[in-house]
Amino acid sequence: MSVKAAVPLKKRIRHAIADETLIAAVKKTTDRLESGKLSSSAALGNWEQWREQGSRIRSHVVEHLDYYLGQLIDNVKKRGGHVHIADSAQEAVRIFLQIAKEKEAKSVLKSKSMVSEEVHLNKALEDIGVKVVESDLGEYIIQLFGEAPSHIIVPAIHKNRHQIADKFSEISGEKISQDTPTLTAFARQQLRKEFLEADIGVSGCNFAIAESGSVVMFTNEGNGRMITTLPPVHVAFMGMERLLPSFEDLETFVNLLPRSATGQKITTYVSVINGARHEGDLDGAQEFHLIIVDNGRSNILGDEEFQEVLNCIRCGACLNVCPVYRHIGGHAYGDVYPGPIGAVITPLLRDDMEEWGDLPYASSLCGACTEACPVKIPLHDMLVHLRARKVKLGLTPGWERMAFKAWSGTFAKAGRYRLSMKAAQLMIPFLAKEGFIEKGPLNMMGWTHARHFPSPAKKTFREEWGRIQQDLRSGEGDSTGGEGGDCHE
Ligand code: SF4
């Protein structure tokens, strides 16, 4: 099903960069996450080898996905669990609503699950009058604001403590102070009764272990454990690629995931759920369901240029280093997955370049995302491939195609190239002020809207090079170019 972005990308970006609170909050948290990642990965040592190993394991799983999915499904069933395969978001929601109907569920409590966000589970439940409550603190906060997550790991990254305290005060009817212990105590108090009343607990799945049929969750707040043990029914949502062959492989990701996501050596809880409560178990749900969601992933399988994106472990590290994400936050990307991973995976999952083909342009192609990725996904190459795909599909505007035709025609011949440089030089005095162009012409205006463009040098590289050669020939002057490298090609 084609899903439309509610507002065009440029408009979303303009809206985001005008919000100074958002930019300050995103910068502060991404700085903290990135420096934590750098120090914890350095302390572990051999980070590159860990990345290599992570990449190798994930590529192996994705290449043999049918085999490992089959093994997982058999093992979950052997443990008494129910497995459902959902081809699409609508199918995943339909399966869940059927379970909720059979259990006569009135209330659903959730821990963090990006896949349940992807299929828009909350909206579907609200539409039929089932109460749905997020129990992860960040998710709880944005649910109160009626917003979507704006970071994969830190959903409320764009909110500061003043905004959160105001929202908590509004719902409690009394003044709640802005200090962290008070805010968390308030949320805990509100959520406690929800845990006790919930008919179904919904969780995500960081990894499923094929050899044992286990679901593994990395959490920090303890809510994940309560959700999977207190309500009578536990439903886990899993993207169909989130598999590991064995517990031995999990060791690599226990090292890679928390460090890349939050800079922790390990999250407070690493929970391994082996289906519903078995005889002799002290706790656990009475019934366990695993919903394995495709929703466009099989479109990517077998695609040489993009299959590796299925190696993603949703750590969020690429967001924290991306200069674009750090300036616009997550909502500007318009869909569930923000940042560089969102710019790649959204058009692919949606299989709709017409609607989502602008996202790969929300990147400076600096490559920081690829450097940061713990499983070495070449994100910036993929962004270029997606741009090329958009061009091949004829989805770029007519003026852009003409501009590139003119550009390639000009740069193909030395004479035309020199002439164009001369013309640009003539324009500089009209555009530049004190070494910078503050308002660029035509499409450059978008670039200079948020920053100044350094004024090109007065002499071109060729002019300067010609002068140097002349000086050398006549035996005069300094062959280093004298005037200090103030030149451009
Ligand atoms: S693409 Fe890499 S860095 Fe980005 S979320 Fe996925 S695993 Fe993490």
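If you read the sequence from its start, that first residue is 1, and numbering goes on from there. Atoms within a ligand are numbered from 1 in the order they appear, just like the ligands themselves.
- No side-chain donor-acceptor contact under 3.5 Å links H84 and E91.
- Any protein N/O/S atom under 2.8 Å from atom 4 (Fe) of ligand 1 was counted, giving 1 altogether.
- In terms of protein heavy-atom proximity, atom 7 (S) of ligand 1 is nearest to I313 N, 3.4 Å.
- Checked for salt-bridge contact, D358 and K10 miss the test: no charged N lies under 4.0 Å from a carboxylate O.
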Indicate every side-chain donor-acceptor pair of residues 317-325 with a distance under 3.5 Å to a residue at least two apart or in another chain.
unit_1	atom_1	unit_2	atom_2	d
N320	OD1	H151	NE2	2.8
Y325	OH	S150	O	2.5

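- Side-chain contact of H380 with S363: a donor-acceptor pair under 3.5 Å is absent, judged by distance alone.
- No donor-acceptor pair closer than 3.5 Å links the side chain of D249 to the backbone N or O of L244.
- Remark: K78 does not engage D74 in a salt bridge, criterion side-chain N to carboxylate O under 4.0 Å.
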